[in-house]
K.L.:
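Here's a structure for you.
Quick note: residue numbers are just sequence positions, from 1. One-based numbering, in listed order, for ligands and for the atoms of each. Remember, predicted model here, so these are calculated numbers, not experimental data.
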Amino acid sequence: MRNAAITGWGMYVPEQVLTNHELEQMVDTSDEWIVSRTGIRERRLASTTEDTTLAMSCRASKQAIQVAGIDPADIDLIVLATVTPDKFMPSTSSLLQTELGAHRAAAFDLAAACSGFVYALAVGSQFIQTGVYRTVLVVGTDALTRFIDFTDRGTCILFGDGSGAVVLQASDADEGVLSNVLGSDGRGAHHLYIDGFDSNGLYAANGNGAVEELQRTYMKMNGNEVFRFSVRVMGETAVEAVNKAGLRLGDIDWLIPHQANLRIIDAAAKRLDLPRERVWVNLDRYGNTSAASVPICLAEAADSGKLKPGMNMVLVAFGAGLSWASSVVRWGSQGVRGREAERDG
Ligand code: ACO
């Protein structure tokens with residue numbers, strides 16, 4: 001089995017900032033409540049013209065390709081995790097392939113909500129480890145704020161938009177994706193969902209079925225149930241991934257968690273016995289960016305220089321499904337070399 005190493009990374013967040021204080025003008029909430037209950041201070045909103053899912057994916061992917069120092073034509077596969085594609089068909093990944101000039105690549109989208117990127121990383125790494133492909137682009141992008149009801153204080157405070165991407169490459173060195181754990185429990189589907197279209201091609205009824213109700217579809221969430229689920233599953237699945245990698249908790253250097261709520265992140269860190277300074281947190285600036293949250297964290301952590309070759313990190317996420325996913329990744333030197341080449345060049 002070959003290893004699947006992360007050799008490139010990139011991220012993009014929209015320019016428009018929505019602060020808690022601005023939300024105070026929109027719904028009955030306060031900066032103090034949002035910060036103390038979630039840790040979020042502001043989030044980014046996708047512009048309807050500039051920040052399509054394709055455009056955001058393209059920006060993050062180009063950075064990742066540049067850091068890896070590869071030719072887009074070398075990419076064998078693109079897996080793009082999103083639940084907010086610009087079109088039902090074709091897949092956003094096919095459109096992205098053309099934008100990038102990755103003409104040889106197979107391409108498909110993957111939907112696992114906020115767990116999507118970690119699911120996609122598992123899929124991409126399997127194709128490399130089994131020797132089918134050598135170079136895979138894994139992207140996580142969402143613009144969930146397009147489906148948020150900005151009169152619902154239970155959801156509108158939580159979400160933001162963005163994209164993150166990594167390049168995975170075959171490596172014979174002791175690095176890369178060491179384990180994956182994926183899970184889903186559809187019995188909890190009703191706790192977190194966005195309706196699709198009904199048999200007439202209209203948005204499925206959100207409310208009483210009146211025509212005007214059919215024009216718009218919004219996220220529906222039972223926050224308390226999702227909170228309880230996530231606190232349990234984030235710690236459990238992270239520990240399972242560590243065991244599956246043949247490591248002990250003491251071998252883990254970094255936790256790169258899905259950014260939904262600081263209290264959920266703290267619970268996962270406690271389960272892994274990691275202090276806060278070993279946990280990447282950016283939800284104060286971006287909120288919950290769904291499939292983009294883990295790769296945005298990863299890109300920031302990599303750019304900070306705090307990830308050293310040989311360090312082990314746990315990536316862990318949960319989301320609608322209800323779903324969950326975790327991977328243990330050993331940071332290698334290939335990415336570092338890519339960065340140096342970029343600087344020198
Ligand atoms: N501002 C002020 N008060 C509020 C707000 C708000 N924005 N929202 C709720 N409240 C009120 C409630 O009405 C309630 O008032 P009451 O006691 O008078 O009834 C009180 O605050 C407490 O409400 P809770 O819902 O119990 O608050 P909680 O501490 O559970 O926090 C939250 C709510 C932040 C939504 C939390 O449950 C959470 O983070 N859940 C997880 C959600 C999540 O991560 N979803 C994304 C999943 S990823 C994906 O796939 C998209």
Side-chain angles (χ1 to χ4, degrees), residues 18-43 46 53 81-85 110-120 140-162 182-186 188-195 217-235 237 257-268 281-284 286-297 315-326:
L18 179 68
T19 64
N20 289 351
H21 292 295
E22 287 169 303
L23 277 168
E24 286 173 353
Q25 312 304 314
M26 299 161 72
V27 286
D28 181 14
T29 191
S30 66
D31 175 57
E32 193 278 328
W33 192 96
I34 302 172
V35 172
S36 64
R37 298 293 181 114
T38 71
I40 300 166
R41 293 178 186 277
E42 58 185 44
R43 68 288 290 145
T53 295
T82 187
V83 287
T84 54
L110 181 157
C114 299
S115 311
F117 175 82
V118 185
Y119 258 76
T141 308
D142 269 314
L144 270 181
T145 67
R146 298 203 206 290
F147 298 93
I148 294 298
D149 176 358
F150 277 93
T151 65
D152 173 13
R153 69 179 183 173
T155 52
C156 74
I157 59 159
L158 297 173
F159 297 95
D161 304 324
L182 305 179
S184 174
D185 183 355
H190 58 289
H191 291 312
L192 182 57
Y193 65 93
I194 302 172
D195 273 325
T217 188
Y218 290 121
M219 175 190 291
K220 295 279 160 44
M221 184 181 79
N222 180 342
N224 287 320
E225 283 295 335
V226 176
F227 187 88
R228 264 196 292 277
F229 155 78
S230 61
V231 164
R232 176 177 57 79
V233 85
M234 287 274 277
T237 190
H258 173 47
Q259 308 283 305
N261 186 315
L262 196 53
R263 291 184 288 152
I264 298 171
I265 293 173
D266 282 342
V281 174
N282 62 18
L283 89 173
D284 51 323
Y286 306 138
N288 178 348
T289 56
S290 187
S293 104
V294 169
I296 288 176
C297 282
L315 279 43
V316 61
F318 71 93
L322 296 170
S323 62
W324 59 93
S326 183

K.L.:
Return yes if some donor-acceptor pair links the side-chain N/O of Ser326 with the main-chain N/O of Leu315 below 3.5 Å, else return no.
P.N.:
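Looks like yes, one N/O pair under 3.5 Å.
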K.L.:
Passes side-chain contact (heavy atoms from CB on, under 4.5 Å), Val35 versus Asn20? Steps please.
P.N.:
CA-CA 8 Å; Val35 172; Asn20 289 351; 3.6 Å; yes
K.L.:
Judged by modelled atom types alone, do Asp195 and Thr217 share a side-chain donor-acceptor pair under 3.5 Å?
P.N.:
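The answer is no; no qualifying pair exists.
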K.L.:
Below 4.0 angstrom, counting only protein heavy atoms, does anything approach atom 49 (C) of ligand 1?
P.N.:
yes
K.L.:
Test of understanding: given a 4.0 Å heavy-atom threshold, classify the contact between Asn288 and ligand 1 as side chain, backbone, both, or neither.
P.N.:
side chain
K.L.:
Provide the full list of salt bridge (charged side-chain N to carboxylate O under 4.0 Å, His left out) pairs with a residue in residues 223-233, sequence neighbours left out, each pair given once.
P.N.:
Glu225-Arg228, Arg232-Glu236
K.L.:
Would you mind listing which atoms of ligand 1 come within a distance below 4.0 Å of any non-hydrogen atom of Thr38?
P.N.:
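In order of numbering, the contacting atoms are 34 (C).
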K.L.:
Under 4.0 Å from a heavy atom of Leu192: give me the atoms of ligand 1 that qualify, with their elements.
P.N.:
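Taking each heavy atom of Leu192 in turn, ligand 1 has 47 (C), 49 (C), 50 (O), 51 (C) under 4.0 Å.
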K.L.:
For atom 18 (O) of ligand 1, is the nearest protein heavy atom under 4.0 Å away?
P.N.:
no
K.L.:
Identify the heavy atoms of Cys297 and Gln259 that sit nearest to each other, and give their distance.
P.N.:
SG-NE2, 3.3 Å
K.L.:
Among side-chain atoms of Thr82 and Asp142, is any donor-acceptor pair under 3.5 angstrom?
P.N.:
yes
K.L.:
At a non-hydrogen distance cut-off of under 4.0 Å, which region of Ile157 contacts ligand 1 (side chain, backbone, both, or neither)?
P.N.:
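Near ligand 1, Ile157 shows its side chain, while the N, CA, C and O stay back.
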K.L.:
May I ask you to list the atoms of ligand 1 that are less than 4.0 angstrom from any heavy atom of Gly319?
P.N.:
48 (S), 49 (C), 50 (O)
K.L.:
Which of these, Trp33, Phe147, Phe159, Phe318, has its nearest heavy atom closest to atom 2 (C) of ligand 1?
P.N.:
Trp33
K.L.:
Check each of Leu23, Val27, Ile34 against Arg153 using the side-chain contact (heavy atoms from CB on, under 4.5 Å) test, and report the only one that passes.
P.N.:
Val27
K.L.:
When you measure from atom 31 (O) of ligand 1 to the protein, is at least one non-hydrogen atom found at a distance under 4.0 Å?
P.N.:
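Yes, there is one.
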K.L.:
Output yes when the distance from some N or O of ligand 1 to some N or O of Ser30 is under 3.5 Å, and no in every other case.
P.N.:
no
K.L.:
Is atom 22 (C) of ligand 1 in close reach of the protein, with a heavy atom under 4.0 Å away?
P.N.:
yes
K.L.:
Just to be sure I'm reading this right: ignoring hydrogens, which of Arg153, Met221, Glu32, Arg263 gets closest to atom 12 (C) of ligand 1? Compare them by their nearest heavy atoms.
P.N.:
Arg153
K.L.:
Check the pair Val316 / Val118 against side-chain contact (heavy atoms from CB on, under 4.5 Å), numbers first and verdict last.
P.N.:
CA-CA 7 Å; Val316 61; Val118 185; over 6 Å; no
K.L.:
Which ligand 1 atoms does Arg37 reach within 4.0 Å, using its non-hydrogen atoms?
P.N.:
22 (C), 27 (O), 28 (P), 29 (O)
K.L.:
So for atom CZ, which belongs to Arg146, do other residues, nucleotides or ligands contribute more than 12 heavy atoms lying within a distance under 6.0 Å?
P.N.:
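Count over threshold, so yes.
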K.L.:
Which is it for Ile34 and ligand 1 at heavy atoms under 4.0 Å: side chain, backbone, both or neither?
P.N.:
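It is neither part, as no heavy atom is under 4.0 Å.
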K.L.:
Just which atoms of ligand 1 are under 4.0 Å from any heavy atom in Ala320?
P.N.:
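Answer for ligand 1: 49 (C), 50 (O).
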K.L.:
Please identify which atoms of ligand 1 are closer than 4.0 Å to at least one heavy atom of Asn261.
P.N.:
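That gives atoms 34 (C), 38 (C), 39 (O) of ligand 1.
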K.L.:
Check this for me - ligand 1, His258, N or O atoms closer than 3.5 angstrom, yes or no?
P.N.:
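No.
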K.L.:
Considering only heavy atoms of Ala260, which atoms of ligand 1 have at least one such atom less than 4.0 Å away?
P.N.:
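What qualifies from ligand 1 is 44 (O).
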K.L.:
Tell me whether Gly154 has any N or O atom under 3.5 angstrom from an N or O of ligand 1.
P.N.:
no
K.L.:
Find all atoms of ligand 1 within a distance of less than 4.0 Å from any non-hydrogen atom belonging to Cys114, and give their numbers and elements.
P.N.:
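Checking each atom against Cys114, I get 48 (S), 49 (C), 50 (O), 51 (C).
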